[in-house]
Each structure stands twice: as structure tokens, then as C-alpha cells.
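Written below as C-alpha cells is the structure these notes are about.
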Amino acid sequence: MKNALLKSLAVSTACIVAAGVASAQDATIHAGHVLAVPGEGYLTQQTINVKDGRIVSIQPGYKSGKKGVPVIDLKSAYVVPGLIDSHVHITSENGPEGRLKEFTDSSVDTAFDGAAFALKTLEAGFTTVQDVGGSNDSVFGLRDAIARGAVPGPRMRAAGQAISITGGHGDVNGYSSPVMKLFTGTNICNGADDCRRAVRQQVKEGADVIKITATGGVLSNTSAGLEQQFTNDELSSIVESAHAMGRQVTGHAHGKAGIDAALRAGIDSIEHGTYLDDATIALFRDHDATLVPTVLAGVTVTGWTNEPWLPEASRKKAAIVGPLMLDMLRRAHEGGVNVAFGTDTGVSRHGDNAKEFALMVEAGFTPEEAIRAATVIASKHLEMDADIGTLEAGKYADLVAMTADPLKTVTELESVDFVMKGGRVYKSLN
């Protein structure tokens, strides 16, 4: 099935590539302002030389390029590294048909949806994403198709199915017993040994990172609360097994007890973190763990509390959790927690990822700190900082540009004018 899926995706997007969405990988870029390393301010009037999709050099002044190499004029623009979203669900988008589509769509249908969402994401300036929950076949197939150039989209690190407990957030909930039994996957585990098995199975299936649901969640159709799901022994076995196989572990977590237990077990990062407090913040620092806050998801679900298509259990949890997330991020920032940019897009609409920046600024980040969270910090979080996250010689030529200064008005990032990934132009200023 996977080979057929990839072939279908390649055929469906051949017209996009042939139409010139992707151009030559060698270029000379004349850039008026370059935020080469977010956190260190702009360089002005720079020449960025790109060969075979990577940056060869960044030089002061506007230098002539080699004969036959296209010159891209960004003299009037503000250039920043390609943006990174550390928490997306690239193959889905929540809405009235979401619960039905889980049962009517095949993995091929889902992957086609993902291909369309991936292009939206890339054109919005996000050249790299981490997908932390979706069908293994669809997500891994799309990731691989993008990596080999068959489909235009951001480069991906992917978890596939999230590991969960029976009846927990991440399991199949709210349907008839026969349906739930039929659709329960190998990602559901109970007991330390079984959870070790689930981790190994996900690695076998192709997971780059292990995602767990350490606590209950908002959008699962169950009134099982928002607190710790896994036992401490289960958490330890998951982290130990994943690390032994060279995989980081990230945990969806809202409730404090679940966040704290996951951090004590050695988890690498927490998604959401809604109920963290001062003691939790100290655990983040002590364990050198990263928070991916996803405030945009909180704002989004807050607006769904009266939507009839959302199950009642989810509406109630959305009304509780959504309004808390902005203050959570404010407290985490003030407490010195390492924060990587992430949105939970798929809850919100694909292509709107950059709306998280304004929320980060509202929570106390400077615009440059917020951009740094989506570049320097996110690239380290994704273990890809040797290749992305800054504009430096040897790294991929992933960059976005806009005609107004995002350090003055961070919402400029919501409508970027130019996108390059790996030296290929996907959105042009001209």
C-alpha cells in the first residue's frame, strides 16, 4: 500500500513541480536585512550564495554571482531562516466532518489531504515541521515523498501514531464497542512491558520520534479528565526503550501531575503544558526539557465551545483548558523554560501557523525571541540544528522574506512574501 500511495502522490503533484514551483538549487541572493542567527540582530546588505541547495557563504555587500546562476533581489526585504513548527498534524484538519472522515477515508485519502496541507504550510514560510500524531502509513509516506522531492512540502520529522493507554487520549473513544475494537491500533499499551513493545513497534514502523499522551486531552471523546494516564513504571519503560533505540520522546500533557511524572521519567519535551506551576518549571530546567506551548490551539478550541459538531465531553474540556494556555506560556517564559515554537496545527487551520507568534509576544516574548523559538531552538529540539535553524555556510538554504520588519511587527510573519527551501523557490517576491 505504501508504494502505491507514494506513486499516487508523485503523479498528483508532478504538475505542480513541472509548473515551476521548484526552481534551480543554485542562486545568488541580494538581501537588504538578514536575521542570520535570530537573537543576534540583523546583518544589512548581504549576499547569500547558494549551491546544491545549501548556503556556501554570506558576504557583506551585493556581490556578483557566477555566470548562469540566477540572482534573487531581496534588497528591499527582511530575510529570516525558514520557520519550524514543532507540533503539527499535517494530514488532518479539525471540523464538522473530522470524526466521520476517520472511518470513511483510506490512508491514501488522508495522505492526499496531507499533501495539500503540506503545500499550504510551506507557502506560509514553514520549511520544517514535526508531525506528532496521525496514521503511520499516511504520515510516513508523505514524509518520505517530500524528502525525495515527489511532493512539495516542509521537511518532516514524524511520530506517527501516539502511544496511549486503553481508553485514554489517543485511543478510539466514543463509538460502539465493535467499532472501537476494530480500530484499536498497536499504539495502545497497558503495563510497562506492553508499553515497551509499543515503542519498539513504532520505531519499526518508521517513527523518527516517539509521541505519548501523558495525560488526558481536550479533543478525545471521553470524560476521563486531563490528568496523568500512564503509571510511573510505564513512563519509565517508554523513555528507556525509546532512548535505547535512538528516539526522543515527547508527551502531550495538560495536568500538572502528568507533566511532572513525565519530566521525572526523563521525557525530552512536553506538548501544551497547561497546568504547569513553579515546581513544574523547576523540573523543566533540572531535566533540560523543552516546552512546545501550542497556544494557538487553545485559542482555537475556546472558540468551539458552542459548536454542535464537537462532542459534549470535548466542549466541556475546551472551555476549561483553552483560556488557560496564554498565561501558562507567560509563566513558563518568566521561569526560564526552554520553549520551542509549536502550534498543534490541524486543530487550527493549516497555513495559519504563524498566528502563534503574536500570542507568544502577548505572553511576554519579544518578536526576536519568538522567531528564535521557531528557528534556533526548534531546530535543536528536532535534532536538526546541523542543517537548519540559522542562515550559515553549510546549512540548507531555507529562508523566508517579507517587505516589512517582523521585529517591529511580528504579525508580518503571517503573510510572508518569499519562501525558499533547500535552494528552491516556492513563493516569489516578484
So which atom in Val301 and which in Leu219 form the shortest heavy-atom distance, rounded to 0.1 Å? CG1-CD2, 4.4 Å
Looking at residues at least two apart in the chain, or sitting in another chain, which of them share a side-chain contact (heavy atoms from CB on, under 4.5 Å) with Ser57? Asn49, Gln59
Applying ring-ring contact (aromatic ring centres under 6.0 Å, His included), can you list everything that pairs with Tyr275, at least two apart in sequence or on another chain? none
Residues which pass side-chain contact (heavy atoms from CB on, under 4.5 Å) with Glu383, listed by chain and number, not counting sequence neighbours: Arg157, Gln248
List the steps and the verdict of side-chain contact (heavy atoms from CB on, under 4.5 Å) for Ile188 and Ile165. CA-CA 5 Å; Ile188 304 305; Ile165 62 166; 5.8 Å; no
So which pairs with a foot in residues 326-348 pass salt bridge (charged side-chain N to carboxylate O under 4.0 Å, His left out), sequence neighbours left out? Asp327-Arg330, Asp327-Arg331
Does Gln202 reach the main-chain N or O of Ala159 with its side chain, forming a donor-acceptor pair under 3.5 Å? yes
Report the C-alpha distance between Thr345 and Asn353 in whole Å, list the side-chain angles of each, state the deciding distance to 0.1 Å, and finish with yes or no for side chain to side chain donor-acceptor pair (under 3.5 Å). CA-CA 6 Å; Thr345 293; Asn353 312 57; 3.3 Å; yes
Specify the closest pair of heavy atoms between Leu226 and Gly217, including all atoms of both residues, with the distance to one decimal. CD2-C, 3.9 Å
Distance, nearest 0.5 Å, that separates CD1 of Ile210 from CZ of Arg200: 11.5 Å
Taking the six-membered ring for Trp, are Tyr62 and His30 parallel (under 30°), tilted (30 to 60°) or perpendicular (over 60°)? tilted
Between Ala265 and Val239, which heavy-atom pair has the shortest distance, and what is it? O-CG1, 3.5 Å
CD/Gln161 to NZ/Lys211 distance, rounded to the nearest 0.5 angstrom? 12.0 Å
Should Lys380 and Val376 count as side-chain neighbours, where that means a heavy-atom distance under 4.5 Å? yes
After noting the C-alpha distance and the side-chain angles of Leu74 and Ile48, does the key distance pass the side-chain contact (heavy atoms from CB on, under 4.5 Å) rule? CA-CA 10 Å; Leu74 298 179; Ile48 305 171; over 6 Å; no
Just by distance, do the side chain of Thr47 and the backbone of Lys63 share a donor-acceptor pair under 3.5 Å? yes
Take Ser164 and Thr213 through the test side chain to side chain donor-acceptor pair (under 3.5 Å) and record every step on the way to the result. CA-CA 5 Å; Ser164 180; Thr213 54; 3.1 Å; yes
Return each pair, listed once, that meets ring-ring contact (aromatic ring centres under 6.0 Å, His included) where at least one residue sits in residues 371-398; pairs must be two or more places apart or across chains. none
Minimal heavy-atom distance between His272 and Leu291, with the atoms involved, is O-CD1, 3.8 Å
Contact check, side chains of Val249 and Ile238, non-hydrogen atoms, under 4.5 Å: yes
Which residues satisfy the side-chain contact (heavy atoms from CB on, under 4.5 Å) test with Ser237, sequence neighbours excluded? Ala192, Cys195, Arg196
Is a side-chain N or O of Lys66 found less than 3.5 angstrom from the main chain of Thr28, in a donor-acceptor match? no
On a heavy-atom basis, which atom in Gly422 and which in Gln25 lie closest, and how many Å separate them? O-NE2, 3.4 Å
Return the CD to OG1 distance between Gln229 and Thr166, rounded to the nearest 0.5 Å. 10.5 Å
Is any side-chain heavy atom of Val79 closer than 4.5 Å to a side-chain heavy atom of Phe418? no
If we only count heavy atoms from C-beta on, is the Thr127 to Met420 side-chain gap below 4.5 Å? no
Of all residues at least two apart in sequence or in a different chain, which pass the side chain to side chain donor-acceptor pair (under 3.5 Å) check with Thr250? Ser269, Glu271
Residues Val34, Leu399; criterion side-chain contact (heavy atoms from CB on, under 4.5 Å); working and verdict: CA-CA 10 Å; Val34 181; Leu399 55 92; over 6 Å; no
Measuring from Ile163:CD1 to Thr186:OG1, what's the distance to the nearest 0.5 Å? 8.5 Å
Passing candidate, side chain to side chain donor-acceptor pair (under 3.5 Å) with Asp208, options Arg143, Arg247, Gln130: Arg143
Closest heavy-atom pair, Leu263 versus Ala289, reported as atoms and distance to 0.1 Å, is CD2-CB, 3.5 Å
Can you name the side-chain contact (heavy atoms from CB on, under 4.5 Å) partners of Glu362, sequence neighbours left out? Leu326, Leu359
When you look at Ser92 and Thr110, which way does the side-chain contact (heavy atoms from CB on, under 4.5 Å) test go after all the steps? CA-CA 7 Å; Ser92 64; Thr110 304; 5.8 Å; no
Between Glu369 (side chain only) and Thr366 (backbone N and O only), is there a donor and an acceptor less than 3.5 Å apart? yes
Hey, are the side chains of His169 and Thr215 touching, using non-hydrogen atoms and a 4.5 Å cut-off? no
Please walk me through it: do Asn94 and His89 pass side chain to side chain donor-acceptor pair (under 3.5 Å)? CA-CA 10 Å; Asn94 275 79; His89 301 279; over 6 Å; no
I need the full list of salt bridge (charged side-chain N to carboxylate O under 4.0 Å, His left out) pairs touching residues 392-408, with sequence neighbours left out, sorted by first then second residue. Arg155-Asp398, Glu392-Lys395
With side chains defined as the heavy atoms from C-beta onward, is the minimum distance between Thr91 and Asp113 less than 4.5 Å? no
For Glu93, give me all partners under salt bridge (Lys or Arg N to Asp or Glu O under 4.0 Å), at least two apart in sequence or on another chain. Arg349
Side-chain heavy-atom pair Val419, Val425 within 4.5 angstrom cut-off: no
What ring-ring contact (aromatic ring centres under 6.0 Å, His included) pairs are there with at least one residue in residues 36-58, not counting sequence neighbours? His33-Tyr42, Tyr42-Tyr78
Can you check salt bridge (Lys or Arg N to Asp or Glu O under 4.0 Å) on Lys120 and Asp352, steps first, answer last? CA-CA 9 Å; Lys120 283 185 179 180; Asp352 288 348; over 6 Å; no
Nearest 0.5 Å, what's the NE2-CE distance between His243 and Met245? 13.0 Å
Pairs in or reaching into residues 345-376: which pass ring-ring contact (aromatic ring centres under 6.0 Å, His included), with residues at least two apart or in two chains? Phe117-His350, His333-Phe365, Phe341-Phe357
Could you check whether any side-chain heavy atom of Asp109 comes within less than 4.5 Å of a side-chain heavy atom of Lys101, counting everything from C-beta outward? no
